[in-house]
Number of protein chains: 2
Amino acid sequence: MDSLTIAEQLTVHGIKPSYPRIQIYKYLYTKKNHPTVDDIYNDLIEEIPTLSKTTVYNTLNLFIEAKLVKSFNLDKNEKRYEIIIHDHSHFQCERCNKIYDIPCDDINLLPKEYEGFKVNEKQIFLKGICEECLK
Amino acid sequence: MDSLTIAEQLTVHGIKPSYPRIQIYKYLYTKKNHPTVDDIYNDLIEEIPTLSKTTVYNTLNLFIEAKLVKSFNLDKNEKRYEIIIHDHSHFQCERCNKIYDIPCDDINLLPKEYEGFKVNEKQIFLKGICEECLK
DNA sequence: ATCATATATGTAATGATTACATTTAGGGAA
DNA sequence: TTCCCTAAATGTAATCATTACATATATGAT
Ligand SMILES: [Mn+2]
Ligand SMILES: [Mn+2]
Ligand SMILES: [Zn+2]
Ligand SMILES: [Zn+2]
């Protein structure tokens with residue numbers, strides 16, 4: 001996705017497509033690696049020398065508000081961000097720390113006794129050793 | 001479970017059953033409400049006026065090390081703790097904030113393409129509205 | 001009682017995140 | 001163009017959870 005369509009995408013969601021906003025969105029879109037705020041800041045500061053970490057936080061929270069992006073925690077107390085796409089699970093390798101997107105069938109996780117509950121969101125985190133590291 | 005069997009339980013896992021340790025374990029065991037460190041500290045400080053928050057952290061980390069307890073994050077950057085029992089999911093109500101333990105069948109969450117991955121741990125978080133709040 | 005060691009505590013540091021105040025930039029209206 | 005209003009971005013300081021580390025206390029053997 002190029003900057004033009006990103007700008008359109010943001011506009012559609014009621015967000016004015018400023019330069020930092022476009023770059024942050026593009027970063028999330030191209031590198032699908034569930035970055036932390038620090039990751040984003042450190043990588044974009046070269047491209048945008050005036051960028052501030054506050055702006056990264058503000059922008060991400062704006063994207064979340066607009067339901068373009070969601071955040072989640074793994075075991076560490078540091079949020080990770082990704083563009084909202086189809087439902088999927090996450091697998092983090094305990095050796096290489098890589099986070100994998102795992103397709104996730106639309107299974108019902110609520111047993112019969114809980115069918116009175118309304119589920120709005122589900123998150124599945126798996127931890128273990130990835131195929132690469134097992135070789 | 002009374003203090004005696006808790007003491008035994010801790011001893012079995014190589015942990016000397018001091019008074020704070022017993023009280024913290026008993027707290028987790030009786031109130032199964034996935035407390036934060038703050039919850040535990042604030043509730044136990046009446047019973048143990050000399051308790052320090054550091055001790056709560058140390059004790060919980062000791063329990064985790066001994067695989068008696070596990071911690072997890074919901075959306076907020078604040079860890080919650082519970083005694084390790086059978087595998088189960090968590091449902092947090094967005095209205096009353098109560099956290100429910102949900103029985104979880106031992107389903108395989110990895111599609112065929114990922115069967116080379118070794119899963120050591122899985123966490124399932126559901127968010128929505130609980131039955132009580134829907135009434 | 002003395003000593004060694006395990007346990008508990010207190011204080012300060014760290015790191016992520018937010019609050020808030022200030023500056024900067026862009027788009028009309030005069 | 002200049003002025004002005006507002007949105008956007010920035011900087012600084014505060015907050016909160018957690019850890020690091022140093023000190024104090026309790027326990028148990030000699
Ligand atoms: Mn993902
Ligand atoms: Mn639970
Ligand atoms: Zn790996
Ligand atoms: Zn509820």
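Every value quoted in this text rests on a predicted model; they were computed, and no experiment measured them. Chain letters run A, B, ... following the sequence lines, proteins first and then strands; every chain starts at 1.
Remark: C1' of D:dA9 and CG of A:L51 are 9 Å apart, rounded to the nearest angstrom. One interatomic measurement links the two molecules: OH of A:Y57 to C1' of D:dT15, which rounds to 13 Å at whole-angstrom precision. Across the protein-nucleic acid pair, A:L62 atom CG and C:dT18 atom C1' stand 16 Å apart, rounded to whole Å. The nearest whole Å value for the distance from the CD atom in B:E78 to the P atom in D:dA17 is 5 Å. One atom, CG of A:L44, and another, C1' of D:dA9, lie 15 Å apart when rounded to the nearest Å. Here the P atom of nucleotide C:dG15 and the CG atom of A:D39 are 15 Å apart, to the nearest Å. The interatomic distance linking A:E65 (CD) with D:dA7 (C1') rounds to 17 Å, in whole Å. Following rounding to the nearest Å, A:Y19 (OH) and C:dT24 (P) show an atom-to-atom distance of 20 Å.
If you check D:dA9, D:dA20, C:dA19 against the side chain of A:T54, the one that comes closest is C:dA19. Counting only heavy atoms from C-beta on, B:T50 has its side chain closest to C:dT9 among D:dA9, D:dT19, C:dT9. Distances were taken from every side-chain heavy atom of B:S52 (C-beta onward) to each of C:dG10, D:dT10, D:dT18; the shortest belongs to C:dG10.
Phosphate proximity of C:dT7 to B:N58: absent, as no side-chain N or O sits under 4.0 Å from OP1 or OP2. Side-chain N/O atoms of A:S18 include none lying less than 4.0 angstrom from OP1 or OP2 on D:dA8.
Because its NZ or CZ atom is both nearer than 6.0 Å to the ring centre of B:Y29 and within 45° of the ring axis, B:K32 counts as a cation-pi partner of that residue. B:K79 forms no cation-pi arrangement with B:Y81, by the criterion of a distance under 6.0 Å to the ring centre and an angle within 45° of the ring axis.
Taking the six-membered ring where the residue is Trp, B:H90 and B:F125 present parallel rings, their angle staying beneath 30° rather than reaching 60°.
Aromatic ring centres of B:F91 and A:F117: separated by under 6.0 Å.
Judged by closest nucleotide on DNA chain C, B:V56 is the one of B:V56 and B:N77 placed further toward the 5' end. Closest-nucleotide positions on DNA chain C for A:N73 and B:K53 were compared, and the one nearer the 5' end corresponds to B:K53.
A salt bridge links A:D38 with A:K53: the closest approach of a Lys/Arg side-chain nitrogen to an acidic carboxylate oxygen falls below 4.0 angstrom.
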